[in-house]
Amino acid sequence: ADSCFAYAMMENKLLILTVATEKTDGFNRFMQSAAYFNYTVKVLGMGEAWKGGNVGHSIGGGQKVRLLKDAVKDLADQEDLVILSVDSYDLIFAGGPEEILKKFQQANHKVLFAAEGLIWPDKRLADKYPSVRSGKRFLNSGGMIGYAPYINRIVSKWNLDDNDDDQLFYTKIYLDPLQRESLNMTLDHKCQIFQNLNGAVDEVLLKFGTGRVRVRNTLYDSLPVVVHGNGNTKMYLNYLGNYVPNAWSYEQGCSHCDDDLVELSHGGAPCRRKDVLIGVFIEQPTPFLPEFFQRLLTLDYPKDKLKVFVHNNEVYHEKHIQRFWEENRNVFKSFKVVGPEENLSQGEARNMGMDICRQDATCDYYFSIDSDVMLTNRQTIKLLIEQNRKIIGPLVTRHSKLWSNFWGALSLDGYYARSEDYIDIVQRKRVGVWNIPYMAHVYLVKGSVLRNELKERNCFVLEKLDSDMALCRSAREMGVFMYITNRHDFGRLISTANYNISHYNNDLWQIYENPVDWKEKYIHQNYTEIFTANYMEEPCPDVFWFPVLTETACDEIVEEMEHYGSWSGGRHEDKRISGGYETVPTDDIHMKQIGFDKEWLHFIREFISPVTLKVFAGYYTKGYAVMNFVVKYTPERQAYLRPHHDSSTFTINIALNNKDVDFQGGGCRFHRYNCSIDSPRKGWSFMHPGRLTHLHEGLPTTNGTRYILVSFIDP
Ligand SMILES: *[C@@H]1O[C@H](CO)[C@@H](O)[C@H](O)[C@H]1NC(C)=O
Ligand SMILES: *[C@@H]1O[C@H](CO)[C@@H](O)[C@H](O)[C@H]1NC(C)=O
Ligand SMILES: *[C@@H]1O[C@H](CO)[C@@H](O)[C@H](O)[C@H]1NC(C)=O
Ligand SMILES: *[C@@H]1O[C@H](CO)[C@@H](O)[C@H](O)[C@H]1NC(C)=O
Ligand SMILES: *[C@@H]1O[C@H](CO)[C@@H](O)[C@H](O)[C@H]1NC(C)=O
Ligand SMILES: *[C@@H]1O[C@H](CO)[C@@H](O)[C@H](O)[C@H]1NC(C)=O
Ligand SMILES: *[C@@H]1O[C@H](CO)[C@@H](O)[C@H](O)[C@H]1NC(C)=O
């Protein structure tokens, strides 16, 4: 019976009035929360030009009172109608009509205003306010609830201009003791109904219930119903709005993620695909750039709908871009590169990319991506478009780090602050589409937004901000919400720190800094099958043969050595080793000579030790080696190596090129077993004991050049 009564009240007796001239993201969020609780909402002024001033930065808002006055006039005779007048751009409901009505009745007044701890706009009026024993003392006009005749009596007093201050108007009425009494007005001092966040951010916490989230005021132990991000607390409201009232909960996860999706396929047939401009920014030397471009190429999106704009700030990368362009010049609808010779600042370059889309009415989306973003999800562009937000980025994180491309909160001075949910979002323990104050590295912006809300050129060269921060600030100031989605695994951020570009193939050195990308580029596709599917061979007793390096790794190592060029010549005298004498010399270059020994030992520990453990059960290698070198066999210089033992506990010997393609002959013979392997496979390694049992020789290379990579492990 109780709920029947409440339902009737809600149907007939509570009307929400709000003024909104545009359907901003904030307005839509407000309406969504109102719809969730089945509020009856009447929107005033939609489509009208806003003349109420820039509220939040200065006084204003009179237009709201004027519109309210017109609307309430017709309702003035409905004595039991309760009107709730609220802002909408920066406000959400955390509870329903039934609760509001109950709390309003408990307040036992005809009109109740929201309260806050900060006085605005006229500080001189502070003395005139009634003192309160506890609670917020000052009036805030973002929320007002009262019986229709009383509200009418208040707003009918309005005879000022649209850009006069609404809050000052209500304040003056409230501060007049006679009017206060005759209108039976009071303030919601303890945030029973209205929570203004300005000056109160520290008092307010999320309170998770079953499938419902609200806010709790910890100072008054109240559960406010109307949450208002007044003043400069919009970002905090955005954070709360990621949960309240039901946007995300532990039980149900994200409940609005599938609202308003853009349909990308229809009954299996793709709808008209939108045109996307991809802006690529190479602002510093970046490892794995060829792989970055390959990933653009493999994006699952029609290439004839993609235009590409590249800003490259690095001379070093010109060769990579040139190669990519030569191989793929006709793949995209267009491909434009602005190189280092243009000497553009990062901000100018980003503006340029954005402007190309802004000025092209056929540009539906602008997808900005920095060269340090490895998009592993081929569906990324589709998934982002589908989500249908003005600005949305895919979450990308640094492998096994908490570093990502967004910030959950900003500090007062506009820099990084960690939100309570940051780690859960980064680790995808909370999955959804999150309204956040700052993001960078990769995001999708609707072309229409660039041409409207963000039409001011030079978004990026504002003041001294980082260029990405400038974008985020412009968006915030225009009331455009920025979202990050972690609904899918999209990819990762690579590290550009410590990228030394003074070698020939610099990515080889990235084994520490970017281990995942290193492994993907350099470790053989079937390496892991050694362990999962026993993918290895034993062509001679205790000679194990397994895949370990990719063709790319083999090629780059050979290139690196040839680039270095000082082959030893296969002489017995050898200054590089202790003692200075080599009994079985090869024509070689040591890893140490190219500064790669530390990285190579790391490779041995990461990728060879596990194989050792598998084939030589009970032997734990120290993974230590002083002799790591690439040998070059040619008929003209050194073609073979006479039988010998190695100074190692075990040896690995990796073929770096292909028999019958790059050379003829070659191979290895183990004497004790009268066993030869004469068809080495590129990227595969032998592993065999070094001393005593495995006397072996290098068979003659009869034509071409054969390269092998050898390490004497645990000498
Ligand atoms: C809103 O109304 C619908 C349909 O009448 C109902 O199913 C739903 O429970 C109501 N929502 C709330 C929060 O009361
Ligand atoms: C306000 O109105 C309520 C009834 O709605 C009444 O009980 C209360 O005394 C009034 N307060 C003042 C200050 O007039
Ligand atoms: C590039 O721009 C910077 C800053 O605008 C300027 O100091 C520098 O001289 C310019 N370099 C060239 C080569 O034009
Ligand atoms: C980069 O590599 C070169 C060549 O190995 C080396 O001389 C130089 O010290 C390295 N630079 C840094 C900063 O490590
Ligand atoms: C990995 O193994 C599969 C199946 O045996 C084979 O088809 C594929 O070519 C191998 N990959 C490489 C790089 O050799
Ligand atoms: C070694 O093997 C070859 C065939 O692979 C055979 O002809 C030869 O007799 C063998 N030599 C010895 C000493 O067993
Ligand atoms: C040696 O290799 C070259 C190319 O690498 C090839 O043209 C030539 O025919 C080869 N000679 C023999 C005898 O196989």
Side-chain angles (χ1 to χ4, degrees), residues 2-16 29-41 84 92-103 207-215 223 225-227 243-249 251-252 255-256 259 291 294 519-537 539-541 543 545-557 607 611 643 654-661 667-685 693-697 699:
D2 237 18
S3 70
C4 274
F5 167 70
Y7 191 75
M9 294 232 304
M10 160 179 107
E11 277 291 280
N12 307 316
K13 297 201 175 168
L14 180 66
L15 174 65
I16 313 293
R29 175 181 60 191
F30 168 83
M31 292 303 276
Q32 199 167 47
S33 75
Y36 172 71
F37 290 111
N38 298 320
Y39 281 106
T40 309
V41 180
L84 173 64
I92 42 183
F93 289 108
E98 187 181 331
E99 184 182 336
I100 288 197
L101 287 172
K102 196 163 141 226
K103 287 179 170 175
K207 177 180 180 292
F208 288 93
T210 309
R212 268 274 307 275
V213 188
R214 24 196 332 166
V215 299
L223 296 172
V225 187
V226 175
V227 188
Y243 298 92
V244 179
N246 72 329
W248 188 94
S249 65
E251 293 78 16
Q252 284 153 22
S255 59
H256 297 305
D259 293 357
E291 286 70 23
Q294 283 309 313
K519 185 174 178 196
E520 219 163 81
K521 181 167 185 172
Y522 295 124
I523 294 298
H524 196 282
Q525 188 192 1
N526 292 332
Y527 170 78
T528 49
E529 290 185 31
I530 297 171
F531 310 98
T532 57
N534 204 25
Y535 194 85
M536 68 157 51
E537 293 172 29
C540 303
V543 178
W545 199 20
F546 56 92
V548 65
L549 293 181
T550 59
E551 298 229 355
T552 306
C554 297
D555 294 345
E556 290 195 5
I557 290 169
F607 298 103
V611 184
I654 306 174
L656 295 179
N657 58 357
N658 280 313
K659 186 180 164 88
D660 296 332
V661 177
C668 191
R669 193 171 113 80
F670 294 89
H671 284 250
R672 182 180 172 89
Y673 310 104
N674 188 20
C675 175
S676 302
I677 308 160
D678 47 20
S679 286
R681 298 173 192 159
K682 185 173 177 179
W684 284 57
S685 179
T693 51
H694 283 68
L695 182 76
H696 58 287
E697 69 179 310
L699 299 171

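In each ligand, atom 1 is the first atom listed, and ligand 1 is the first ligand listed. All values below come from the heavy atoms of this structure, side chains included, with hydrogens, waters and symmetry mates left out.
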(message) I'd like to know whether Tyr673 forms a side chain to side chain contact (heavy atoms under 4.5 Å, CB included) with Val543, so could you lay out the CA-CA distance, the side-chain angles of the two residues, the decisive distance to 0.1 Å, and finally the verdict.
(response) CA-CA 11 Å; Tyr673 310 104; Val543 178; 5.9 Å; no

(message) Which residue and atom name correspond to the protein heavy atom nearest atom 12 (C) of ligand 6, and how close is it?
(response) Asn674 ND2, 3.1 Å

(request) Report the part of Glu529 in contact with ligand 5, treating N, CA, C, O as backbone and CB onward as side chain, heavy atoms under 4.0 Å; options are side chain, backbone, both, neither. (result) neither

(request) Please tell me if the side chains of Ile677 and Cys540 come closer than 4.5 Å, counting only heavy atoms from C-beta onward. (result) yes

(request) Can you pull out the closest protein heavy atom to atom 5 (O) of ligand 5? Residue, atom name and distance to 0.1 Å, please. (result) Tyr535 OH, 3.9 Å

(message) Under 4.0 Å and counting heavy atoms only, is there anything from the protein next to atom 14 (O) of ligand 5?
(response) yes

(message) Students should be able to answer this: which protein heavy-atom is nearest to atom 2 (O) of ligand 5, and at what distance?
(response) Asn526 ND2, 2.3 Å

(message) If we count only non-hydrogen protein atoms and require a distance under 4.0 Å, does atom 9 (O) of ligand 5 qualify as touching the protein?
(response) no

(request) For Tyr36, counting its heavy atoms only, list the atoms of ligand 1 lying under 4.0 Å from any of them. (result) 11 (N), 12 (C), 13 (C)

(request) Report yes or no: do Arg681 and Asn658 form a side-chain donor-acceptor pair below 3.5 Å? (result) no

(message) Please verify the inter-ring angle class for Tyr243 with Trp248; under 30° counts as parallel, over 60° as perpendicular, anything in between as tilted.
(response) perpendicular

(message) Tell me whether the rings of Phe607 and Tyr527 are parallel (<30°), tilted (30 to 60°) or perpendicular (>60°).
(response) perpendicular

(request) Could you tell me which atoms of ligand 5, counted from 1 in the order shown, lie closer than 4.0 angstrom to a heavy atom of His524? (result) 12 (C), 13 (C), 14 (O)

(request) Would you please test Asp678 and Arg669 for side chain to side chain contact (heavy atoms under 4.5 Å, CB included) and show each step? (result) CA-CA 8 Å; Asp678 47 20; Arg669 193 171 113 80; over 6 Å; no

